[in-house]
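The figures here come from the full heavy-atom set of this structure, side chains too, leaving out hydrogens, waters and symmetry mates.
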Protein chains: 2
Amino acid sequence: MGRWEPDARGRMTAAAMELYAERGFDQTTAGDIAERAGVTERTFFRHFTDKREVLFNGAEALENTVRETILTAAPEVSALEAALAGLHVCAALIDERRDFAVRRAQIIEATPSLRERELLKLARLAEVAAAALGGRGVPETAALLAAHSAVTVFNLSFWHWVRTGGTFAGHFTDTAAALRSMT
Amino acid sequence: MGRWEPDARGRMTAAAMELYAERGFDQTTAGDIAERAGVTERTFFRHFTDKREVLFNGAEALENTVRETILTAAPEVSALEAALAGLHVCAALIDERRDFAVRRAQIIEATPSLRERELLKLARLAEVAAAALGGRGVPETAALLAAHSAVTVFNLSFWHWVRTGGTFAGHFTDTAAALRSMT
DNA sequence: GTGTCGATGTCAGTCACTGACATGGGGAGA
DNA sequence: TCTCCCCATGTCAGTGACTGACATCGACAC
């Protein structure tokens with residue numbers, strides 16, 4: 001691929017995480033990140049649409065996981081349970097990288113504009129889940145409700161996990177149970 | 001208040017809505033808005049923290065409505081029903097200004113960065129609702145789940161209302177019913 | 001009539017992001 | 001092994017969002 005030092009993208013991601021954690025998102029310029037990664041500011045913006053996106057690389061992988069898990073769920077499974085299953089697999093994946101996830105979460109928590117971007121990614125995840133449910137024949141409104149509910153469980157249990165420890169998947173299971181017994 | 005033409009804020013909001021609708025958010029500069037409103041770009045940024053915020057003036061009013069409705073709900077009402085009641089009142093308020101709401105929704109829909117901001121406002125609304133439920137003695141996880149679920153109902157029925165007509169409150173009631181029967 | 005105060009104007013600066021064009025090394029094919 | 005092409009990167013100049021510091025001006029109190 002590249003012909004200079006390989007994995008420019010990975011170096012930029014690492015540099016950004018370091019700098020955001022060291023001095024904060026607002027005090028870090030795109031040029032700072034590029035410099036630490038040994039590339040040009042222009043190259044940074046060729047890889048990432050903006051300064052925030054560098055923290056949201058894994059989003060597409062999660063979307064694929066959700067989509068495929070929902071689509072391959074047994075046909076008799078309800079919309080809500082299929083959506084929960086999809087997000088539960090995501091939680092289990094993230095469980096494997098607690099260290100990274102926590103550092104990233106702390107950076108996001110400290111910066112409103114990053115929280116904003118995170119909400120957009122979660123909304124996209126819900127849309128993907130809803131579309132997958134649609135592919136199972138679930139009517140639109142039911143699909144959207146189930147998808148957004150599952151993403152809410154995902155989001156709430158994520159932050160609970162970051163703050164309290166344990167396993168993400170475990171918190172997810174607990175929160176899902178609370179949701180089922182809510183009505 | 002001001003000593004020049006009064007209601008600079010209102011003029012800027014109106015100008016921004018016009019320009020965003022006419023030529024799009026990205027093709028509108030803060031200077032354009034200020035000029036049409038008869039003020040300076042600097043004045044625009046004194047009233048609004050950024051170019052997007054101009055479309056989200058009513059957010060605080062909604063938050064107050066949600067908070068007070070939840071806090072004054074009958075004590076025997078469940079967390080979910082209290083949260084739904086709070087958001088239902090908001091829906092009824094917005095029903096009174098369909099024209100404005102639809103124009104605003106079309107602008108937001110056309111611009112990803114505005115969708116992002118809208119999600120942040122909805123998240124804040126959910127946090128306010130959850131805090132109000134906390135004030136009623138609801139445990140944290142249950143409060144967060146109920147609040148976010150109600151906001152999801154609000155959001156989904158809002159877009160359904162924008163696209164199909166009818167009343168926002170009516171769509172809200174239907175979607176809330178679908179949520180209750182989901183589990 | 002004078003002084004204070006808050007909203008506004010002015011100005012200069014930083015930085016996110018973009019388009020256009022140049023470059024250089026690696027790999028496919030001769 | 002040489003050559004040509006491609007693509008990731010570098011270079012450069014520009015636009016526009018936002019900010020801080022300071023000047024101003026009109027309403028209102030006294």
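With a 4.5 Å cut-off on side-chain heavy atoms, V39(B) and R11(B) count as touching.
Using a 4.0 Å heavy-atom distance criterion, S113(A) is classed as making no nucleic acid contact.
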Decide ring pair (Phe, Tyr, Trp, His ring centres under 6.0 Å) for F154(B) and F168(B); before the verdict, give the C-alpha distance in whole Å, the side-chain angles of both, and the deciding distance to 0.1 Å. CA-CA 9 Å; F154(B) 179 83; F168(B) 186 3; 5.2 Å; yes
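With rounding to whole Å, D7(B) atom CG is found 10 Å from dT8(C) atom P. Look at CZ on F25(B): it is 8 Å from P on dA17(D), rounded to the nearest Å. Nucleotide dG16(D) holds its C1' atom 13 Å from the CZ atom of F44(B), rounded to whole Å. If you measure from atom CD of E41(B) to atom C1' of dC18(D), you get 8 Å, rounded to the nearest angstrom. A straight line from CZ of R9(B) to C1' of dG6(C) spans 15 Å, rounded to a whole angstrom. Straight-line distance from the CZ atom of R46(B) to the C1' atom of dG20(D): 10 Å, rounded to whole Å. Spacing between atom CZ of R42(A) and atom C1' of dA16(C) amounts to 12 Å, rounded to whole angstrom units. Atom pair R11(A):CZ and dT9(D):P shows a separation of 8 Å (rounding to whole Å applied).
Taking the side chain of K51(B) as heavy atoms from C-beta on, and the options dG9(C), dA16(C), dC18(D), the nearest nucleotide is dC18(D).
In this structure, R104(B) is positioned above the aromatic face of F56(B), its NZ or CZ under 6.0 Å from the six-membered ring centre and within 45° of the axis.
Looking at which nucleotide of DNA chain C each of T43(B) and A30(A) is closest to, the 5′-most match is held by T43(B).
Listed pair H47(A) / dA8(D) fails the phosphate criterion, with no side-chain N or O lying under 4.0 Å from OP1 or OP2. Side-chain N/O atoms of T40(A) include none lying less than 4.0 angstrom from OP1 or OP2 on dT9(D).
Just one of E53(A), E60(A), E63(A) meets the salt bridge (Lys or Arg N to Asp or Glu O under 4.0 Å) condition when paired with K121(A); it is E53(A).
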